[in-house]
Novice: 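Next up is a structure, given as structure tokens.
Every heavy atom of this structure was used, including side-chain atoms; hydrogens, water molecules and symmetry mates were not. Chain letters run A, B, ... following the sequence lines, proteins first, then strands; residues in each count from 1.
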There are 2 protein chains.
Amino acid sequence: MASRRFDPDRRDRIIAAALDVIAAQGVAGASHRKIAEQAGVPLGSMTYHFANMDELLTEAFRRFGNSIADRFDQELGEATDVDGARLAVVDLIHLDLLDSQRDLVLTHELYTLAARKPVFRQITRDWMARNRRALGLHFDPETCRMLDALIEGLFIHAALDTEPHHRATTVEAVARITTPYHRPARTAH
Amino acid sequence: MASRRFDPDRRDRIIAAALDVIAAQGVAGASHRKIAEQAGVPLGSMTYHFANMDELLTEAFRRFGNSIADRFDQELGEATDVDGARLAVVDLIHLDLLDSQRDLVLTHELYTLAARKPVFRQITRDWMARNRRALGLHFDPETCRMLDALIEGLFIHAALDTEPHHRATTVEAVARITTPYHRPARTAH
DNA sequence: CGGCCATGCGTACGATCGTACACATCGGTG
DNA sequence: CACCGATGTGTACGATCGTACGCATGGCCG
């Protein structure tokens, strides 16, 4: 039998399994028992490595948020001008995120928790702050807020629409939201 | 004692209670027992009036979606031009929706269910379709999609941000997303 | 006026949950 | 080599859940 000594991978495996179960069954369906089975560890390990369910969920969602934010940092860090940044945003939405039903589901689950429990709200805020910082390399703060909101909204629609989103629509939407509005000159009246 | 004969209000009261409990405790915390207590009906009434939990949730969220969509119809129906419609959208976001933590929480809960179960996805789609139809009175279809997405995103941010959203930011964001993008003329190079 | 049946309810059952905790295991230490 | 404490696990308990179902109730029909 494998050594009974401390196994540093054990914690990680449980966290990964937690995200898998949440993606498949939702937070509501994520029990210690199911996660333990998915991770291939005994039930007793759950309370040994994590004081309670909230601690496990907290760590899991923090890891999830960071993994998404890493992609923001990477894509946007490579952009060299505003147009490149716009393109990076479009790619982030289309390539990395919309294709992955898993990420969408996890995002929804996190938001739902965040709307109710302060701990998860903080995780979400940290995540959003990271995203905005990445966007802030190329856009002014107010635009970052709008752009961030638009990205969130496009997420949601992608999760629920039957028909796939057209990339052209995303391109146009990103272009619009990053372009300051100039009130048109009034014609005489 | 009150009559044992059929009470048509009973169903409605249960549905209203269900939304109250979901708003307060989330779908995860909404049990037959809690809803029954909130509605002031015995536990046995729950399975009498609703075949199972999903049927109750379905009816509750359908009612919720319709109540929000009604406000969209009303506000946008009163607008007479595009600027009026833009203002209506801003008002919808700020007056009716952002102030109400309850609506935000319910929206998140519905989306989370919708991401997983087809029944609730259909409810969400119907709701979105109603909203888009209302927006369609004043904007072209592509703009409706973008605007709808932006509204969703602003919702989410409102639920999670500590600081309140500035109305001016919303006004600017709505103006931008409803203004077609014109590629700027290139300077010589 | 007496019985019947639609309406509505109290209760109990089996499943599942989070968590606690006694106990097994075994590398390191003296 | 003996034992001790760190590491990890099996199991059981109390709470809560959705749901089923037998039974109480009382208007209505004959």
Novice: I'd like to know whether Asp103(A) forms a salt bridge (charged side-chain N to carboxylate O under 4.0 Å, His left out) with Arg71(A), so could you lay out the CA-CA distance, the side-chain angles of the two residues, the decisive distance to 0.1 Å, and finally the verdict.
Specialist: CA-CA 13 Å; Asp103(A) 288 347; Arg71(A) 288 191 281 186; 2.8 Å; yes
Novice: Nearest of dC21(D), dT7(C), dT9(D) to any side-chain atom of Thr47(B)?
Specialist: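 Nearest to the side chain of Thr47(B) among the choices is dC21(D).
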Novice: Do Arg176(A) and Thr178(B) get their side chains close enough for a donor-acceptor pair, meaning under 3.5 Å?
Specialist: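 No.
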Novice: Please tabulate, for the side chains in residues 19-37 of chain A, all donor-acceptor contacts under 3.5 angstrom to protein atoms that are two or more places apart in sequence or on a different chain.
Specialist:
unit_1: Asp20(A); atom_1: OD1; unit_2: Arg102(A); atom_2: NH1; d: 2.7
unit_1: Ser31(A); atom_1: OG; unit_2: Lys34(A); atom_2: N; d: 3.2
unit_1: Lys34(A); atom_1: NZ; unit_2: Gly29(A); atom_2: O; d: 3.0

Novice: Could you check how far OH of Tyr48(B) sits from C1' of dC9(C), rounded to whole Å?
Specialist: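 From Tyr48(B) OH to dC9(C) C1': 10 Å.
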Novice: For side-chain hydrogen bond (donor to acceptor under 3.5 Å, both in side chains), just list the numbers for Ser67(A) and Asp70(A), CA-CA rounded to whole Å, side-chain angles, deciding distance to a tenth of an Å, and then say yes or no.
Specialist: CA-CA 5 Å; Ser67(A) 74; Asp70(A) 286 345; over 6 Å; no
Novice: Name all pairs fulfilling the salt bridge (Lys or Arg N to Asp or Glu O under 4.0 Å) condition that reach into residues 151-161 of chain B, sequence neighbours left out, sorted by first residue then second.
Specialist: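 Passing the test, one end in residues 151-161 of chain B: Arg132(A)-Asp161(B), Arg145(A)-Asp161(B).
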Novice: Please state whether the phosphate of dT7(C), meaning OP1 or OP2, lies under 4.0 angstrom from any side-chain nitrogen or oxygen of Arg11(B).
Specialist: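 Arg11(B) to dT7(C) OP1/OP2: no side-chain N or O under 4.0 Å.
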Novice: Starting from the first five and the last five pairs of the helix from dC1(C)-dG30(D) to dG30(C)-dC1(D), work out the angle between the resulting helix axes, to 10 degrees.
Specialist: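 Between the axes fitted at each end of the helix from dC1(C)-dG30(D) to dG30(C)-dC1(D) lies an angle of 20°.
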Novice: Evaluate the side-chain proximity of Arg116(A) to Arg121(A): yes if any heavy-atom separation is below 4.5 Å, no if none is.
Specialist: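 Arg121(A) vs Arg116(A): side chains apart.
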Novice: Distance check needed: dA20(D) C1' versus Met46(B) CE, whole Å only.
Specialist: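 Whole-Å distance recorded here is 15 Å.
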Novice: Please tell me if the side chains of Thr107(A) and Phe64(A) come closer than 4.5 Å, counting only heavy atoms from C-beta onward.
Specialist: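 Side chain of Thr107(A) against side chain of Phe64(A), heavy atoms only: contact under 4.5 Å found.
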Novice: Please report the distance, rounded to the nearest Å, between CG in Asn52(A) and P in dC17(C).
Specialist: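 Rounding to the nearest Å, CG of Asn52(A) and P of dC17(C) are 17 Å apart.
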Novice: Any side-chain heavy atom of Trp127(A) sitting closer than 4.5 Å to one from Asn66(A)?
Specialist: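 No, their side chains stay 4.5 Å or more apart.
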Novice: Quick one: Arg13(A) CZ to dG8(D) P, roughly how many Å, whole number?
Specialist: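 Taking CZ of Arg13(A) and P of dG8(D), I get 12 Å after rounding.
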Novice: Figure out the CG/P separation between Leu56(A) and dT19(C), and round it to whole Å.
Specialist: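 After rounding, the gap between these two atoms is 10 Å.
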Novice: Is there a residue in residues 24-35 of chain B whose heavy atoms reach under 4.0 Å of DNA chain D, and which residues are they?
Specialist: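 Listed by number, they are Ala30(B), Ser31(B), His32(B), Arg33(B), Lys34(B).
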Novice: What are the residues of residues 36-45 of chain A, sorted by number, that bring a heavy atom to within less than 4.0 Å of DNA chain D?
Specialist: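 Residues of residues 36-45 of chain A under 4.0 Å from DNA chain D: Pro42(A), Leu43(A), Gly44(A), Ser45(A).
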Novice: What is the distance from CZ of Phe50(A) to P of dT9(D), rounded to the nearest Å?
Specialist: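 Spelled out: CZ on Phe50(A) to P on dT9(D) is 13 Å.
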Novice: Check salt bridge (Lys or Arg N to Asp or Glu O under 4.0 Å) between Arg133(A) and all other residues, then give those that pass, not counting sequence neighbours.
Specialist: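 For Arg133(A), no residue satisfies salt bridge (Lys or Arg N to Asp or Glu O under 4.0 Å) once neighbours in sequence are set aside.
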Novice: Could you tell me whether the side chain of Ile15(B) reaches within less than 4.5 Å of the side chain of Arg62(B), counting heavy atoms only?
Specialist: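 Not in contact.
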Novice: Charged N to carboxylate O below 4.0 Å: is that the case for Asp91(B) and Arg167(B)?
Specialist: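 Counted as a salt bridge, because a side-chain N and a carboxylate O are separated by less than 4.0 Å.
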